[in-house]
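Report on the following structure.
These values consider heavy atoms only, across backbone and side chains, with no hydrogens, waters or symmetry-generated copies. In this text the structure is predicted, and so the values were computed from the model without any measurement.
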Amino acid sequence: MDVLPWITGPVSGPVLFGVYAASVAIVTAYAVGQYHLLWRYWRTPARPVPPVPSLTDRAWPSVTVQIPLYNERYVAAEIIDACAALEYPPDRLELQVLDDSTDDTREIVDARAAHWRARGITVTVFRRPTREGYKAGALAAATPQATGDFLALFDADFRPAPDFLRRCVPEFDAVDVGAVQARWGHLNRGYSILTLAQSLLHDAFFFVEQEARARSGYFTRFNG
């Protein structure tokens, strides 16, 4: 098809103008929405941060930490080790590694699971014959076997702080809380200009948009 005659023809002008106008309208609507969230961030006070309870301050429910993996040889050991180091009663903590890998990640997972089992941490490795549904499918298949009253989900490149569960679990004391979305940090913010730009983009989302939504009682977007 020769595009040039159509572009210079009598119909192309109104069509292109309509597409451009629609694009401008969409961008404007998005900008107005983001400005509204910024305004809510400024006008709505933040909730005071409660102190982090110690392990002896309360009765802790059981928690299953789920770690979906697929060919993550470079980060699999680190995420398993970080979750095994969570400060939580060992008899109420289960690590559930959902490993759909087809490379040497499987050997890494098995080695780290055995390492932490020998140190008293409950670690189960869940594998499927197919990758149906990908990581979401792995979560759906493994969750019925989870033993915890609560689920904590970490992707392969996350590194939860040791007090993560002690900070998050008490939030469920409120009867109207069904999920807790935590903020991202960055391990490599200063590695390059690219990682700095990416960290600024994520910070704007978590520090302003998610915070404004939480303060205002708006629906909070889930992040993997």
Side-chain angles (χ1 to χ4, degrees), residues 53 55 58-185 206 210 213-214 219-224:
L55 293 180
R58 54 180 288 135
W60 295 93
S62 59
V63 175
T64 294
V65 176
Q66 295 181 309
I67 311 169
L69 301 174
Y70 176 67
N71 294 353
E72 323 254 13
R73 63 163 66 102
Y74 299 111
V75 294
E78 286 80 2
I79 179 58
I80 294 173
D81 291 350
C83 290
L86 288 167
E87 297 166 350
Y88 207 74
D91 61 327
R92 298 173 192 172
L93 178 65
E94 175 193 29
L95 304 189
Q96 194 181 54
V97 185
L98 319 181
D99 184 24
D100 282 344
S101 299
T102 57
D103 64 357
D104 59 348
T105 302
R106 297 168 68 94
E107 288 73 26
I108 296 171
V109 167
D110 290 340
R112 299 319 295 165
H115 172 85
W116 289 110
R117 286 194 201 103
R119 287 155 178 77
I121 304 296
T122 301
V123 185
T124 60
V125 179
F126 181 86
R127 291 192 173 103
R128 305 182 295 161
T130 67
R131 287 198 68 217
E132 181 180 359
Y134 305 103
K135 287 187 176 182
L139 290 166
T143 295
Q145 300 183 25
T147 61
D149 299 318
F150 291 90
L151 302 174
L153 173 61
F154 298 106
D155 208 350
D157 54 353
F158 282 20
R159 300 292 179 273
D163 63 354
F164 179 89
L165 292 179
R166 290 194 293 122
R167 287 181 177 275
C168 291
V169 168
E171 298 290 338
F172 292 97
D173 291 344
V175 296
D176 58 344
V177 173
V180 173
Q181 170 71 60
R183 179 180 293 169
W184 291 8
F206 282 100
Q210 290 287 62
R213 289 176 181 274
F219 183 80
T220 301
R221 293 195 289 173
F222 175 76
N223 309 103

Closest approach of [X] and [Y], non-hydrogen atoms and distance?
X: Ala156; Y: Ile79; answer: O-CB, 3.5 Å
X: Phe219; Y: Arg213; answer: O-NH1, 2.9 Å
X: Asp104; Y: Arg73; answer: OD1-NE, 2.8 Å
X: Pro68; Y: Asp155; answer: O-OD1, 4.0 Å
X: Cys168; Y: Val180; answer: SG-CG1, 4.1 Å
X: Leu165; Y: Pro170; answer: O-CD, 3.9 Å

Step by step, work out the side-chain contact (heavy atoms from CB on, under 4.5 Å) result for Cys83 and Ile67.
CA-CA 9 Å; Cys83 290; Ile67 311 169; 3.8 Å; yes
Side chain proximity check, [X] to [Y], heavy atoms < 4.5 angstrom:
X: Lys135; Y: Asp100; value: no
X: Tyr70; Y: Thr102; value: yes
X: Leu153; Y: Leu151; value: no

Nearest-0.5 Å distance that lies between atom [atom1] in [X] and atom [atom2] in [Y]:
X: Asn71; Y: Arg131; atom1: CG; atom2: CZ; result: 7.5 Å
X: Asp110; Y: Thr105; atom1: CG; atom2: OG1; result: 10.5 Å
X: Phe126; Y: Leu139; atom1: CZ; atom2: CG; result: 10.0 Å
X: Thr124; Y: Gln66; atom1: OG1; atom2: CD; result: 9.0 Å
X: Asp99; Y: Ile80; atom1: CG; atom2: CD1; result: 8.0 Å

Donor-acceptor contacts, no H, no angles, side chain residues 86-95, under 3.5 Å, sequence neighbours left out:
from	atom 1	to	atom 2	distance (Å)
Glu87	OE1	Arg166	NE	3.3
Glu87	OE1	Arg166	NH2	2.5
Tyr88	OH	Pro61	O	2.5
Arg92	NH1	Trp60	O	3.0
Glu94	OE1	Thr64	OG1	2.6
Glu94	OE1	Thr147	N	3.1
Glu94	OE1	Thr147	OG1	2.9

Output side-chain donor-acceptor pairs under 3.5 Å for residues 111-118, partner residues at least two apart or in another chain, one line each.
from	atom 1	to	atom 2	distance (Å)
Arg112	NE	Asp81	OD1	3.0
Arg112	NH2	Asp81	OD1	3.1
Arg112	NH2	Asp81	OD2	3.4
His115	ND1	Arg119	NH1	3.2
Trp116	NE1	Asp81	OD1	2.8
Arg117	NE	Val123	O	2.7
Arg117	NH2	Val123	O	3.2

Can you tell me if Glu107 has over 12 outside heavy atoms packed within less than 6.0 Å of its CD?
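Atom CD in Glu107 is crowded, with more than 12 foreign heavy atoms closer than 6.0 Å.
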Is the ring pair Phe150/Phe172 parallel, tilted or perpendicular, if the boundaries are 30 and 60 degrees?
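The rings of Phe150 and Phe172 sit tilted, inter-plane angle from 30° to 60°.
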Check: Val177 main-chain N/O paired with Glu171 side-chain donor or acceptor under 3.5 Å:
no
For a side-chain contact (heavy atoms from CB on, under 4.5 Å) check, start with the C-alpha distance between Arg159 and Glu78, then their side-chain angles and the critical distance, and finish with the verdict.
CA-CA 8 Å; Arg159 300 292 179 273; Glu78 286 80 2; 3.2 Å; yes
Ring pair (Phe, Tyr, Trp, His ring centres under 6.0 Å) filter on Tyr134, not counting sequence neighbours, yields none
Go through the side-chain N and O atoms of Ser62 and Asp149 and say whether any donor and acceptor fall under 3.5 Å apart.
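Result is yes, a qualifying pair exists.
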